[in-house]
Amino acid sequence: MHRWSKLFIPTLREAPADAEVASHKFLIRAGYIRQLGAGIYNYLFLGQRSLNKIIAIVREEMDKIGQEFYLPAILPKEPWAESGRWTTMGDNMFRLKDRKGADLCLGMTHEEVMTTIARGELRSYKQLPQIWYQIQTKFRDEPRPKAGLLRVRQFIMKDAYSFDINEAGLDESFNRHDVAYRTIFTRCGLKFVAVEADSGAMGGSQSQEFMVYTDAGEDLIASCPVCGYAANLEKATSRLDPVEEIEPTSDGNPELVHTPGCAAIADVAAFFKISPASDIKCVAYMAERGFTGEGHEIWLPVAAFLRGDHQVNETKLLGLLGASQVRPMHLEELEKYFHGPAGYLGPVGLKPKQVTNPGSSPPAFSETGELVVVIDRSLEGRKNMVCGANKLDYHQRNVTPGRDFTWTLIADIRSVNEGENCPKDGCAGKLVVGTAVEVGHIFKLGDKYTQSMGARVLDENGKEVAPIMGCYGIGIERILTAAIEQSNDANGFWLPVSIAPFSVVITITNSADTALRAAGEKLAADLESAGLDVLLDDRDERAGVKFKDADLVGIPYRINVGKKVAAGQVELVTRATSTSEDVALSEVAELVKKRVQEELLLEASF
RNA sequence: CGGGACGUGGCUCAGCCUGGUAGAGCACUCGCUUGGGGUGCGAGGGGUCGGCAGUUCAAAUCUGCCCGUCCCGACCA
């Protein structure tokens with residue numbers, strides 16, 4: 001029996017000043033967590049209890065498709081050196097040395113270690129497929145931890161890895177995770193959406209994120225309310241309405257125009273009395289692509305051109321270039337590659353590098369040419385546009401892509417905007433953009449790790465092949481955080497029964513009244529023997545204090561044992577709706593049990 | 001890593017500009033009181049004012065350096 005009077009549930013009347021989002025404030029006020037350092041938290045009794053319930057659900061569903069391992073959190077350098085990520089992971093990896101001076105790191109993900117196991121043990125296609133998972137603490141030295149448990153430096157992750165002999169097998173493993181994840185998030189009571197996602201610079205053919213819409217989220221999701229299309233903004237596309245071209249002037253050929261002080265898109269549009277959609281904007285980057293033999297970064301100059309009213313999507317650009325990062329060009333670099341100043345950059349007269357391995361990814365570029373010129377698809381077929389002239393205070397008009405300038409690559413490198421047309425054929429929907437929290441991610445890795453680390457099995461023809469992998473993650477704390485974000489009010493929050501630390505709290509309104517105490521004790525025992533997690537609030541506090549605490553800490557049901565007990569009645573309060581109903585003391589245990597079971601069934605009935 | 005803010009008892013904050021006894025509310029302890037939405041009264045305990053150095057007769061207060069935390073951006077699951 002859990003008696004509140006004996007437990008450590010340090011509730012706070014006020015939230016710490018540095019808590020911004022609801023989940024952060026309430027996790028602390030409700031005594032779930034306490035901060036130890038930036039992005040480092042102690043999980044107290046209620047918090048740990050809730051996380052344990054989440055973990056139990058994850059484990060139950062994962063056991064249906066895979067096998068649970070437990071890998072170390074402290075890892076030697078070698079596997080990371082083999083995959084190349086010892087270098088490329090950069091500062092996000094916590095690194096340390098042992099007493100002998102050997103390099104170690106704290107695990108931020110476990111592809112390498114899992115691949116080490118596969119390499120050592122798997123020999124035949126007959127041993128495939130394999131799905132291995134673990135529930136483990138991960139460490140990532142986030143540049144900016146924030147929002148309580150939303151972005152932290154130590155967190156619990158369920159990570160799974162699949163090994164298959166071929167693409168069809170990977171499809172199957174991927175789909176099984178898709179189903180498992182949907183079941184897990186549904187059972188946890190989350191209103192989630194599965195979206196197409198970017199698979200990152202490491203490649204991979206398919207990538208899907210599980211998102212919960214909330215203002216506290218850091219990801220932007222574009223979705224179509226008509227057909228259900230949903231994608232991370234890093235990946236989302238749209239169909240653009242055709243742009244009405246402006247009429248050419250004079251002979252229709254590019255013409256230099258003096259445009260003093262027009263360094264911004266808005267200035268240019270106003271000067272020429274055109275829509276920004278008829279202006280070509282230039283964003284100049286230096287992109288990092290790998291390392292030289294000596295370990296120096298290789299930087300590539302890149303000019304990205306797109307419509308004046310569009311924004312560069314750097315994730316798309318990175319993927320296109322096979323680059324690990326981009327940064328804006330410095331002034332002297334602009335001068336070197338464009339021979340012109342910022343605000344007046346344009347594509348005419350540039351010397352683009354050429355792709356030397358067409359059709360391959362990532363692209364390789366010729367030595368000839370000065371920079372990689374990338375233009376967005378939306379410029380294809382356009383004409384008579386305005387762009388910078390690579391000369392201070394001058395623009396050009398009558399510029400037509402293809403006729404007046406060429407490029408290295410043409411691709412979708414822009415971010416969609418709310419209100420643009422859904423990209424699905426025949427769909428008339430308009431995209432909406434919302435913020436969301438990522439609670440899970442599944443994606444097809446391919447053979448990057450098995451290839452580079454030398455994992456090989458024999459296929460049915462006796463030929464050596466590298467198994468292809470999928471990897472699949474769930475952020476345990478983020479499930480709790482997202483659940484709080486989606487269900488809170490001024491007084492606190494309420495969790496789904498499946499992940500709440502307790503299903504029901506029994507509030508003895510006056511602990512000094514021995515009859516009430518006895519009734520509460522008996523009711524708690526009854527509910528407990530009915531299989532429910534019960535918290536008995538037997539503290540010597542005023543009723544108001546107990547009500548406030550009960551509303552705060554996330555427990556979905558409350559039974560008030562008070563003066564109506566004399567008439568054989570108690571009150572059953574449903575936290576989510578703040579509704580109260582009088583129920584016979586003799587029947588309330590059965591009723592609550594029924595409600596709880598119904599809710600669990602509903603959550604499990606996906 | 002760039003920009004900004006902050007650091008005073010467990011929490012929320014005042015005091016700092018203009019240097020001179022360290023404060024309030026909440027929380028905590030004890031007593032009484034009250035007993036259905038954070039009761040009321042009284043008496044208490046608790047703070048190297050983030051750290052170090054400097055200026056000064058004297059520093060929470062002024063100066064410098066460092067550390068830490070939060071927010072925006074960059075980055076990232």
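Letters go in sequence order (proteins before strands), and every chain restarts at 1. The figures that follow rest on heavy atoms only: side chains count, while hydrogens, waters and symmetry mates do not. If you're wondering where the values come from, they're calculated on a predicted model, not measured in any experiment.
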Reckon [X] touches a base, only the sugar-phosphate, or nothing at all at heavy-atom distances under 4.0 Å?
X         : answer
Lys563(A) : base
Ala550(A) : nothing
Glu218(A) : nothing
Asp513(A) : nothing
Asp159(A) : nothing
Ala19(A)  : nothing
Gly475(A) : nothing
Arg29(A)  : base
Val152(A) : base

Heavy-atom donor-acceptor pair, [X] side-chain to [N] base, under 3.5 Å:
X         : N       : value
Arg539(A) : rG38(B) : no
Arg13(A)  : rA27(B) : no
Asp551(A) : rG37(B) : yes
Asp549(A) : rG38(B) : yes
Glu571(A) : rG36(B) : yes
Glu14(A)  : rA27(B) : no

Task: Nearest-Å distance once atom C1' is located in both rU8(B) and rU61(B) - done: 11 Å
Please give the nucleotide sitting opposite [N] as a Watson-Crick or G-U wobble pair, both distances under 3.5 Å, or none.
N       : result
rC28(B) : rG44(B)
rA14(B) : none
rA53(B) : rU63(B)
rA5(B)  : rU69(B)

Task: Residue met sooner reading RNA chain B from 5', once Gly37(A) and Pro16(A) are mapped to nucleotides - done: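 Comparing both residues, the 5'-ward one is Pro16(A).
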- [ ] For RNA chain B, find the residues of residues 573-588 of chain A with a heavy-atom distance under 4.0 Å and give them by number; none if there aren't any.
- [x]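 Under 4.0 Å from RNA chain B: no residue of residues 573-588 of chain A.
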Open item on the list: For the residue pair Ser511(A) / Asp540(A), report whether a side-chain donor-acceptor contact shorter than 3.5 Å exists.
Closed with: no
- [ ] Indicate whether any N or O donor in one side chain lies under 3.5 Å from an N or O acceptor in the other, for Gln486(A) and Tyr213(A).
- [x] no
- [ ] Identify, with sequence neighbours excluded, every residue that meets side-chain contact (heavy atoms from CB on, under 4.5 Å) alongside Lys53(A).
- [x]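 With neighbours one apart ignored, the set is Asp533(A).
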Task: Contacts of Arg34(A) that satisfy salt bridge (charged side-chain N to carboxylate O under 4.0 Å, His left out) - sequence neighbours left out - done: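 Testing Arg34(A) for salt bridge (charged side-chain N to carboxylate O under 4.0 Å, His left out), a comparison that skips the adjacent residues, returns none.
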